[in-house]
Trainee: 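There's a structure below that I have some questions on.
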Amino acid sequence: MRRWLSGLYGRLVIPGAAFKDMKALCQSIKQKGFEPAIWVAPFIAEKESSLFKNHPDWFIKNERGNPLSSDVVSFGGWRCSPWYMLDGTHPGAQDYLTHVFKTMRDEWGCRYFKLDANMWGALHGGTYYQLNTTRVEAYREGMKAMLLGAGADSFLLGCNAPMWPSLGIVHGMRTTDDTLRSWGNFKKVANECFWRNWQHNKLWVNDPDCLLLENNDRHKQITPDGRLVKLKSVLTDDEFLFHATHILCSGGIWAFIQKK
């Protein structure tokens, strides 16, 4: 369930119009024999979100003491940018993250969380509530707050995450870029996966991203400047077989998407 949130980054426990009753939805998924999973971008918020408006002091600061905008020091974000980053050392931000994951775990019944945009929780160029803290330390403090709320039997999957700073605080890790329907992308992600296969079941469970098995004339992709463009794929059966083989050989998570 990716588009479960309200449409603003930074409103993590306010369901969107399509997912008004998250508890009932998660229970329905379990009754069908599946495990519900939720996509979350926990470290970021956009300027118009209630989180940012109500608690600007919870965010990483610039040299003037104002919330640091992501586009000043790095990529602003793939949509709803620029983003502002929660300060993992701030007690209020920590309590908030624990509350969010405890709500999803205890009230909604979800134990599987895909954490996206984690790298923004460890960006350079900011200052923190807890002085003399490194960005890695701040990131790990925020992650520990999430783990506390998610519970011991949860599964946290890191995506767009700093790999080595995430050791011991995620259960799974995306080991490749996003998979797209192009031969160039298939070769690229297979190469990335190959050099990280050794990490599987040693550091975490590897996630080589989703398995694609057919062309799609309606595929859409968000460009770095936020535009939504349509792509037409013309991959051959052998190219799809190559893609499926590298994911199988990784030994990691298998994920596929079916749309009606």
Side-chain angles (χ1 to χ4, degrees), residues 1-2 34-43 74-75 78 101 110-124 135-137 139-140 142-144 146-147 150-216 219 221-222 224 231 233-259:
M1 296 182 293
R2 184 170 182 182
F34 298 98
E35 184 72 25
I38 295 181
W39 176 95
V40 192
F43 280 106
S74 182
F75 176 50
W78 53 80
F101 282 83
C110 184
R111 299 179 301 172
Y112 188 117
F113 307 99
K114 176 183 176 178
L115 312 181
D116 209 345
N118 270 29
M119 189 64 221
W120 278 258
L123 282 186
H124 64 282
R135 54 187 174 132
V136 170
E137 290 171 333
Y139 168 72
R140 291 182 65 87
M143 288 296 299
K144 290 176 184 177
M146 297 178 215
L147 281 167
D153 61 345
S154 64
F155 186 92
L156 271 62
L157 173 65
C159 185
N160 272 310
M163 284 193 166
W164 304 127
S166 297
L167 284 172
I169 51 176
V170 297
H171 308 97
M173 176 65 75
R174 267 286 296 279
T175 52
T176 72
D177 197 357
D178 290 347
T179 301
L180 304 174
R181 288 179 173 86
S182 77
W183 174 236
N185 175 268
F186 277 9
K187 291 189 293 182
K188 176 178 178 290
V189 296
N191 183 64
E192 292 170 348
C193 188
F194 174 81
W195 291 108
R196 293 169 179 158
N197 274 351
W198 67 270
Q199 299 173 358
H200 181 58
N201 284 340
K202 293 182 175 67
L203 306 182
W204 38 57
V205 176
N206 279 7
D207 173 17
D209 201 20
C210 60
L211 173 64
L212 302 175
L213 294 176
E214 62 181 3
N215 287 301
N216 187 343
H219 178 64
Q221 179 182 345
I222 298 175
L231 303 175
S233 57
V234 290
L235 290 159
T236 67
D237 289 344
D238 285 342
E239 289 168 340
F240 278 117
L241 180 60
F242 169 87
H243 167 64
T245 301
H246 104 75
I247 290 182
L248 176 63
C249 291
S250 76
I253 296 172
W254 275 66
F256 63 92
I257 299 173
Q258 182 179 5
K259 292 184 178 181

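Values below: every heavy atom of this structure, side chains too, minus hydrogens, waters and symmetry copies.
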Trainee: Okay, side chain of Arg196, backbone of Thr175: is any donor-acceptor separation there less than 3.5 Å?
Mentor: yes
Trainee: Do the side chain of Arg181 and the main chain of Val234 share a donor and acceptor less than 3.5 angstrom apart?
Mentor: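 No.
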Trainee: Quick one: pull up CG in Leu241 and CG in Leu248 and give me the separation to the nearest 0.5 Å.
Mentor: 10.0 Å
Trainee: Taking atom CH2 of Trp164 as the centre, does the number of heavy atoms from other residues, nucleotides or ligands within less than 6.0 Å exceed 12?
Mentor: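 Result for CH2/Trp164: enclosed.
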Trainee: Do the side chain of Asp209 and the main chain of Thr179 share a donor and acceptor less than 3.5 angstrom apart?
Mentor: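 Yes: the side chain of Asp209 pairs with the backbone of Thr179.
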Trainee: Compare all side-chain heavy atoms of Phe194 with those of His246 and state whether any distance is below 4.5 angstrom.
Mentor: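 Sidechains of His246 and Phe194: no contact.
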Trainee: Taking Asn185 for its side chain and Asp178 for its backbone only, find out whether a donor-acceptor pair lies under 3.5 Å.
Mentor: yes
Trainee: List the atom of Cys249, the atom of Asn197, and the distance in Å for their closest heavy-atom pair.
Mentor: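 Smallest heavy-atom distance, with atoms named: O-ND2, 4.2 Å.
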Trainee: Give me the ring orientation class for Phe186 and His243: parallel if the planes are under 30° apart, tilted from 30 to 60°, perpendicular past 60°.
Mentor: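 Ring orientation, 0 to 90° scale: parallel.
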Trainee: Does Val205 reach the side chain of His200, with side-chain heavy atoms less than 4.5 Å apart?
Mentor: yes
Trainee: Kindly say whether Leu157 contributes a backbone atom to a donor-acceptor pair with the side chain of Arg174 at under 3.5 angstrom?
Mentor: no
Trainee: Nearest 0.5 Å, please: how far is CE in Met163 from CE in Met173?
Mentor: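 That separation rounds to 5.5 Å.
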Trainee: Could you state the interatomic distance from CZ (Phe240) to OG1 (Thr245), rounded to the nearest 0.5 Å?
Mentor: 13.0 Å
Trainee: Mind listing the closest non-hydrogen atom pair of Pro208 and Thr176 along with its distance?
Mentor: O-OG1, 3.3 Å
Trainee: Which atoms form the tightest heavy-atom contact between Ala161 and Tyr139, and what is the distance?
Mentor: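 Heavy atoms of Ala161 and Tyr139 come nearest at CB-OH, 4.1 Å.
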Trainee: Are Leu156 and Met143 side-chain neighbours, meaning at least one heavy-atom pair lies under 4.5 Å?
Mentor: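 When only atoms from C-beta onward are counted, Met143 and Leu156 do touch, with a gap below 4.5 Å.
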Trainee: Are the side chain of Asp177 and the backbone of Val189 linked by a donor-acceptor contact shorter than 3.5 Å?
Mentor: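 Between the backbone of Val189 and the side chain of Asp177 there is no qualifying donor-acceptor contact (under 3.5 Å).
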Trainee: Kindly state whether the ring of Phe113 and the ring of Phe101 have centres lying under 6.0 angstrom apart.
Mentor: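 Phe113 vs Phe101: aromatic centres under 6.0 Å.
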Trainee: So Asn206 and Ser250, side-chain contact (heavy atoms from CB on, under 4.5 Å) or not? Walk me through it.
Mentor: CA-CA 8 Å; Asn206 279 7; Ser250 76; 5.6 Å; no
Trainee: Provide the closest heavy-atom pair for Ser166 versus Arg140 in the form atom of the first, atom of the second, distance.
Mentor: C-NH1, 4.1 Å
Trainee: Under 3.5 Å, is there a donor-acceptor pair between the side chain of Trp120 and the main chain of Phe75?
Mentor: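 Judged by distance alone, yes, a pair lies under 3.5 Å.
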Trainee: Hey, could you give me the SG/CD distance between Cys193 and Gln199, rounded to the nearest 0.5 Å?
Mentor: 9.5 Å
Trainee: Which pair of non-hydrogen atoms, one from Ile247 and one from Cys210, has the smallest distance, and what is that distance?
Mentor: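 Smallest interatomic distance, heavy atoms only, reads CD1-O, 3.6 Å.
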Trainee: From Asn160 CG over to Asp116 CG, what is the distance, rounded to the nearest 0.5 angstrom?
Mentor: 5.0 Å
Trainee: Please say whether more than 12 non-hydrogen atoms of neighbouring residues, nucleotides or ligands are located less than 6.0 Å from CG in Asp237.
Mentor: no
Trainee: Would you give the length of the straight line joining atom OG of Ser154 to atom CG of Leu147, rounded to the nearest 0.5 angstrom?
Mentor: 6.0 Å
Trainee: Any non-hydrogen side-chain atom of Asn118 less than 4.5 Å from a side-chain atom of Cys159?
Mentor: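 Not touching, per the 4.5 Å side-chain cut-off.
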Trainee: Classify the angle between the aromatic ring planes of Tyr112 and Phe155 as parallel (below 30°), tilted (30 to 60°) or perpendicular (above 60°).
Mentor: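 Rings of Tyr112 and Phe155: parallel, as their planes differ by under 30°.
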